[in-house]
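A quick write-up on the structure given underneath.
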Amino acid sequence: QVQLVESGGGLVQPGGSLRLSCTASGFSLDEHIIAWFRQAPGKEREGVSCISSSDTSTYYADSVKGRFTISRDDSQNTATLQVNGLSPEDTAVYYCAADLRPRCGVLFSTYRYDYWGQGTQVTVSS
C-alpha cells in the first residue's frame with residue numbers, strides 16, 4: 001500500500017518544540033521532494049517547508065524561518081520537521097507530501113504532489 005504517514009503531533013505549550021515525522025511505505029522517497037504543509041481551522045493550506053531530493057536544498061515559509069528545520073533520511077524512507085519556538089499561531093494540522101522531482105523551488109507550495117499524508121494535529125496552548 002502506497003502511503004505517507006505523519007506522526008509526532010500533540011499539545012505543547014508556547015515556546016515548546018515537537019518533532020514531526022513523515023514515513024513513506026509502498027514507494028521510495030529518494031527521488032521525491034518532500035514538503036510540509038499546515039492548515040489551521042478557517043484558513044487556507046500553507047506551504048511550510050520543502051526539501052529537495054537531488055541536493056537536499058531547503059525552502060521555508062517566512063513565518064517559520066529560524067524556528068523549523070526540515071530533514072530527510074532516505075535510508076529510513078522518512079522526513080522530519082523539527083518545530084521549535086511554537087506559538088498559538090502555529091496550531092494547525094500538519095501534512096507531508098511527496099512529489100517526483102529533483103528539486104524544490106520557491107513556488108513549492110503550488111506544486112501538484114503525488115502523495116499526501118493524513119495529517120497530524122499540532123496544538124499550541126497554555
Side-chain angles (χ1 to χ4, degrees):
Q1 184 178 4
V2 175
Q3 60 179 355
L4 290 173
V5 178
E6 301 95 336
S7 61
L11 174 63
V12 63
Q13 292 186 341
S17 298
L18 288 171
R19 189 173 181 85
L20 308 183
S21 294
C22 172
T23 301
S25 60
F27 73 104
S28 176
L29 280 174
D30 63 0
E31 293 185 351
H32 294 74
I33 63 170
I34 304 162
W36 285 91
F37 292 80
R38 66 184 180 184
Q39 188 164 22
K43 294 188 177 181
E44 291 188 358
R45 187 175 64 198
E46 175 189 19
V48 173
S49 184
C50 186
I51 186 166
S52 299
S53 61
S54 60
D55 60 5
T56 67
S57 57
T58 57
Y59 285 84
Y60 295 93
D62 288 342
S63 57
V64 307
K65 278 181 183 176
R67 300 188 298 123
F68 290 13
T69 303
I70 191 171
S71 61
R72 63 189 297 156
D73 184 346
D74 290 342
S75 68
Q76 299 295 318
N77 226 23
T78 62
T80 299
L81 186 69
Q82 178 70 39
V83 296
N84 299 326
L86 288 164
S87 71
E89 289 70 34
D90 295 313
T91 295
V93 178
Y94 284 69
Y95 301 89
C96 66
D99 191 52
L100 186 64
R101 66 175 73 205
R103 296 196 66 188
C104 301
V106 66
L107 297 178
F108 74 89
S109 62
T110 66
Y111 298 166
R112 295 187 67 178
Y113 287 80
D114 297 322
Y115 307 106
W116 286 87
Q118 84 291 347
T120 185
Q121 176 71 47
V122 172
T123 302
V124 185
S125 175
S126 55

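Since this is a predicted model, take the numbers as computed values, not measurements.
Note on Val48: it does not cluster hydrophobically with Phe108, by side-chain heavy-atom contacts below 4.5 Å among ILVMFWY residues.
Rounded to the nearest 0.5 angstrom, Gln3 CD and Thr23 OG1 are separated by 10.0 Å. Atom OG of Ser126 and atom CD of Gln13 lie 7.0 Å apart (nearest 0.5 Å). Rounding to the nearest 0.5 angstrom, the gap separating the CG atom in Leu100 from the OH atom in Tyr113 is 12.5 Å. Between the OG1 atom in Thr78 and the CD1 atom in Ile34 there is a gap of 8.0 Å [rounded to 0.5 Å]. Annotation: the span from Ser54 atom OG to Asp30 atom CG amounts to 12.0 Å, rounded to 0.5 Å. The line from CD1 of Ile51 to NE2 of His32 is 14.5 Å long, rounded to the nearest 0.5 Å.
Side-chain N/O atoms of Ser52 and Ser57 include a donor and acceptor closer than 3.5 Å. A donor and an acceptor atom, one from each side chain of Gln82 and Thr80, are nowhere located under 3.5 Å apart. Counted by atom type alone, Glu46 and Ser63 present one or more donor-acceptor pairs between their side chains at under 3.5 Å.
Side-chain contact between Gln121 and Val93: present, with at least one pair of heavy atoms (C-beta onward) separated by less than 4.5 Å. Between Arg72 and Thr56 there is a side-chain heavy-atom pair separated by less than 4.5 Å. The closest side-chain heavy-atom distance from Val12 to Ser17 is not below 4.5 Å. Between Leu18 and Val122, the closest side-chain pair of non-hydrogen atoms falls below 4.5 Å. Residues Leu4 and Leu29 meet the side-chain proximity criterion, which asks for heavy atoms closer than 4.5 Å. Counting heavy atoms from C-beta on, the side chains of Tyr59 and Ile70 never come closer than 4.5 Å. Counting heavy atoms from C-beta on, the side chains of Trp36 and Phe68 never come closer than 4.5 Å. Using a 4.5 Å heavy-atom threshold, the side chains of Ser28 and Asn77 count as touching.
Across Ala61 and Gly47, no two heavy atoms sit closer than the pair CB-O, 3.4 Å. Here the closest heavy-atom approach between residue Ala40 and residue Ala92 is recorded as N-CB, 3.8 Å. The two residues Ala35 and Phe37 have their closest heavy-atom pair at CB-CE1, 3.6 Å. Between Thr120 and Gly9, the closest heavy-atom pair is OG1-N, 3.1 Å.
Ring pair Trp116/Tyr95 is perpendicular by interplanar angle, where above 60° counts as perpendicular and below 30° as parallel.
A cation-pi contact, defined as under 6.0 Å to the ring centre and within 45° of the axis, links Arg101 to Tyr111.
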- Message: Test side chain to side chain contact (heavy atoms under 4.5 Å, CB included) on Val5 and Gln118; report intermediate values, then the result.
- Response: CA-CA 7 Å; Val5 178; Gln118 84 291 347; 4.2 Å; yes
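With hydrogens and angles disregarded, a donor-acceptor distance shorter than 3.5 Å links the side chain of Glu6 to the backbone of Cys96.
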